[in-house]
Amino acid sequence: MYARCPVIAVNSGGPTESVLHGDTGFLQAPEPEEFADAMVKFLEQSKLSKTMGERGRRHVQEKFSFRTIYGKFRLCCTKMNDWSRKADCWRVSFENFCIFRLCCGDWRTFYKYVFPVKTRA
């Protein structure tokens, strides 16, 4: 889509997240006849390919640019960091869990360490 080419793809999996049916391309059933029908639309409507191609490029720039993906990733990391501060019980990393479990051997001791009982004042 970034190359200003409309897409004809199977209507399942990854393409359903990136291709906007009828706007940036066509999502079809996995049948040869369905793909042929979509190709015929481009042959019958000469401007359709160019229009969808331009929309596809705009869509990729808006949704999948480095800046957009980085912003989403950074927001995700911020949310996870905020969540981990609130969730006191997750202070033990997986590696520490494995080491502690091997050394301790007793599940009750492990749970007392990971899920400490807060005393009432």
ask   = Are any side-chain N or O atoms of Thr68 and backbone N or O atoms of Glu62, one a donor and one an acceptor, separated by less than 3.5 Å?
value = yes
query = Under 3.5 Å, is there a donor-acceptor pair between the side chain of His59 and the main chain of Leu20?
reply = no
request  = For atom CZ of Phe64, decide whether the heavy atoms of other residues, nucleotides or ligands shown that lie under 6.0 angstrom number more than 12.
outcome  = yes
With the side chain counted from C-beta on, respond yes when [X] and [Y] share a heavy-atom pair under 4.5 Å apart, and no when they do not.
X: Val60; Y: Ser65; result: no
X: Ile8; Y: Met39; result: yes
X: Gln28; Y: Val10; result: no
X: Val7; Y: Thr24; result: no
X: Met1; Y: Arg57; result: no

request  = Could you tell me the separation between the OG1 atom of Thr16 and the NE2 atom of His21, rounded to the nearest 0.5 Å?
outcome  = 12.5 Å
ask   = CD of Glu54 to OG of Ser49: how many Å apart, nearest 0.5 Å?
value = 10.0 Å
key: Nearest atoms (heavy-atom pairs only) where Pro6 meets Met52   = CB-CB, 3.7 Å
inquiry  = Can you give me the closest heavy-atom contact between Phe26 and Ala38, atom names plus distance?
reply    = CD1-CB, 3.9 Å
